[in-house]
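Written out below as structure tokens is the structure these notes cover.
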Amino acid sequence: MAWILQGITIALGQPALSTALLAVSMYAPLMAVLIVHRGLGTAKTGIGWKPRLKGHFRYYLAAWFGPAVFSAAGAALYFILFPQQFDPAMGFLLSQIPAGTALPMPMGTLMALQIAGSVIVAPLVNTIFALGEETGWRGFMTPWFCQRLGELKGKVLSGIIWGVWHWPLIIFSGFTVIPYITVYA
């Protein structure tokens, strides 16, 4: 199901429809679990649906803000290694805006809002869609393989399957299927 939806996404090349189809395809691993186990109750993995905040809050914070911290650190390291690539005037970004298009706010403000949205809002929105994948991969498949093959082999095999599952997007679109937003005045 996922590969069919991903194939349609690649063939269409329409950002809005592609995003919707990819969101649906992300629920394929959960659907597989529901079909194979005839529901979630028969496959016991120790992973529950209820968040356990008590004693784990720091892990939730790390999961929420860690990617932004690592992205910023990676960007800083990149520009330390390649300072000639740093463009504080945002020339490349400005070149992507169609000629004659007026921005509703200064570019710096727009960038700050996009970064804030990426750090604050995007993790919540992505969690809704990632739930289907994570339930299938980490909730059932990985523990199932680890029980039968051992911790290392189980995780390696589930990682290989995860990679193969994403091949169509990686091969045909470089996994850059998230549509970009063009601001028009």
Side-chain angles (χ1 to χ4, degrees), residues 2-3 5-23 25-26 28-29 56-134 136-138 142 152 155-185:
W3 275 15
L5 291 172
Q6 291 172 11
I8 293 169
T9 296
I10 293 163
L12 291 177
Q14 306 247 342
L17 184 57
S18 294
T19 300
L21 289 174
L22 287 176
S25 78
M26 291 176 73
H56 299 96
F57 193 69
R58 67 178 182 256
Y59 299 115
Y60 285 95
L61 284 176
W64 194 292
F65 294 106
V69 170
F70 284 114
S71 294
L77 178 61
Y78 177 84
F79 290 123
I80 288 169
L81 295 174
F82 304 101
Q84 69 279 8
Q85 297 292 321
F86 185 66
D87 180 12
M90 296 180 266
F92 176 76
L93 186 61
L94 289 171
S95 74
Q96 302 303 304
I97 299 171
T101 301
L103 293 175
M105 62 190 73
M107 182 58 85
T109 304
L110 181 60
M111 291 290 294
L113 287 173
Q114 288 185 335
I115 290 169
S118 296
V119 172
I120 297 167
V121 178
L124 180 60
V125 172
N126 289 334
T127 296
I128 295 166
F129 297 107
L131 185 64
E133 277 195 54
E134 297 308 320
W137 302 131
R138 292 195 187 128
T142 301
L152 179 62
K155 288 180 179 179
V156 168
L157 182 58
S158 66
I160 291 169
I161 292 170
W162 180 91
V164 169
W165 188 80
H166 287 89
W167 275 359
L169 295 177
I170 294 167
I171 293 170
F172 295 109
S173 68
F175 214 84
T176 56
V177 293
I178 305 300
Y180 57 90
I181 298 172
T182 304
V183 179
Y184 293 98

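- Closest of all the heavy-atom pairs between S118 and P123 is O-CD, 3.3 Å.
- With rounding to the nearest 0.5 angstrom, the OG1 atom of T142 is 9.0 Å from the CD atom of E134.
- Remark: I8 CD1 to W3 CH2 distance equals 15.0 Å, nearest 0.5 Å.
- To the nearest 0.5 Å, atoms CD1 (I115) and CG (L110) are separated by 10.0 Å.
- Closest non-hydrogen pair, W165 versus P29, comes out as CZ2-CD, 3.9 Å.
- Residues that satisfy the salt bridge (Lys or Arg N to Asp or Glu O under 4.0 Å) test with E133, not counting sequence neighbours, are absent from this structure.
- Partners of Y59 under the ring pair (Phe, Tyr, Trp, His ring centres under 6.0 Å) rule, at least two apart in sequence or in another chain, do not exist in this structure.
- Within the structure, ring-ring contact (aromatic ring centres under 6.0 Å, His included) pairs that include any residue of residues 112-133 do not occur (at least two apart or interchain).
- Residue Q85 holds its CD atom at 11.0 Å from CZ of F92, rounded to the nearest 0.5 Å.
- Counting non-hydrogen atoms of neighbouring residues, nucleotides and ligands closer than 6.0 angstrom, the CZ atom of F57 reaches no more than 12 such neighbours.
- The heavy-atom pair separating P98 from T101 by the smallest distance is O-OG1, 2.9 Å.
- Heavy-atom minimum distance, W64 versus V119: NE1-O, 3.0 Å.
- Rounded to the nearest 0.5 angstrom, I97 CD1 and M90 CE are separated by 9.5 Å.
- Q84 is not listed as a side-chain neighbour of F86, based on a closest heavy-atom distance of 4.5 Å or more.
- The aromatic rings of W137 and H166 sit tilted, their planes meeting at an angle between 30° and 60°.
- Annotation: the span from W162 atom CH2 to L157 atom CG amounts to 14.5 Å, rounded to 0.5 Å.
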